[in-house]
Amino acid sequence: FIKVFKAIKAVADKIHEFQEAIEENTKYTLKLVIMNEDLSLEERIHAGDRYIELHGNGYVHSIYDQLKKEVEQHEHDSRVN
């Protein structure tokens, strides 16, 4: 019984390790999208939404906030004109 428990725990630990690596890679990829000025604001904001969902913060979060302000300003300007 103990061998089975240890095997299950080892598999669960590996799965957790893989999940952390995937989340780290996802956040890194999202950072690249958010920072890439060659992409559309829509793509960058969508990546930012996901980045925030994954508890991303710091400098990239501040860039995301700036992008959202740009979109809000653009929408405001469009309504005024």
Within-4.5 Å side-chain heavy-atom neighbours: [X] and [Y]:
| X | Y | value |
| --- | --- | --- |
| D13 | E17 | no |
| K69 | Y64 | no |
| R50 | H46 | no |
| E37 | R44 | yes |

Around [X], counting heavy atoms of other residues, nucleotides and ligands shown, do more than 12 lie under 6.0 Å from its [atom1]?
| X | atom1 | result |
| --- | --- | --- |
| K27 | NZ | yes |
| H61 | NE2 | yes |
| E53 | CD | yes |

Residues N36, L32; criterion side-chain contact (heavy atoms from CB on, under 4.5 Å); working and verdict: CA-CA 6 Å; N36 188 340; L32 293 175; over 6 Å; no
Closest heavy-atom pair and its distance - I45, L67: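 Shortest heavy-atom separation between I45 and L67 comes out as CD1-O, 3.7 Å.
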hydrophobic_cluster_shared for L30 and L39, side chain cutoff 4.5 Å: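 The answer is no; the residues belong to distinct hydrophobic clusters.
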Common cluster, I63/V33, ILVMFWY with side-chain heavy-atom separation under 4.5 Å: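 I63 does not cluster with V33.
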Y51 side chain vs N57 backbone, donor-acceptor pair below 3.5 Å: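 Yes, the answer is positive, given that a donor and an acceptor are paired below the 3.5 Å cut-off.
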Any donor-acceptor N or O pair under 3.5 Å, side chains E20, H16: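 Yes, H16 and E20 have a side-chain donor paired with an acceptor closer than 3.5 Å.
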Trace of the side-chain contact (heavy atoms from CB on, under 4.5 Å) decision for E70 with H74: CA-CA 6 Å; E70 283 182 42; H74 179 71; over 6 Å; no
Spatial distance of atom CG (D49) from atom CG (L54) [nearest 0.5 Å]: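 With rounding to 0.5 Å, CG (D49) is 11.0 Å from CG (L54).
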Verdict with reasoning, M35 to Y59, per side-chain contact (heavy atoms from CB on, under 4.5 Å): CA-CA 10 Å; M35 301 301 290; Y59 179 71; 3.5 Å; yes
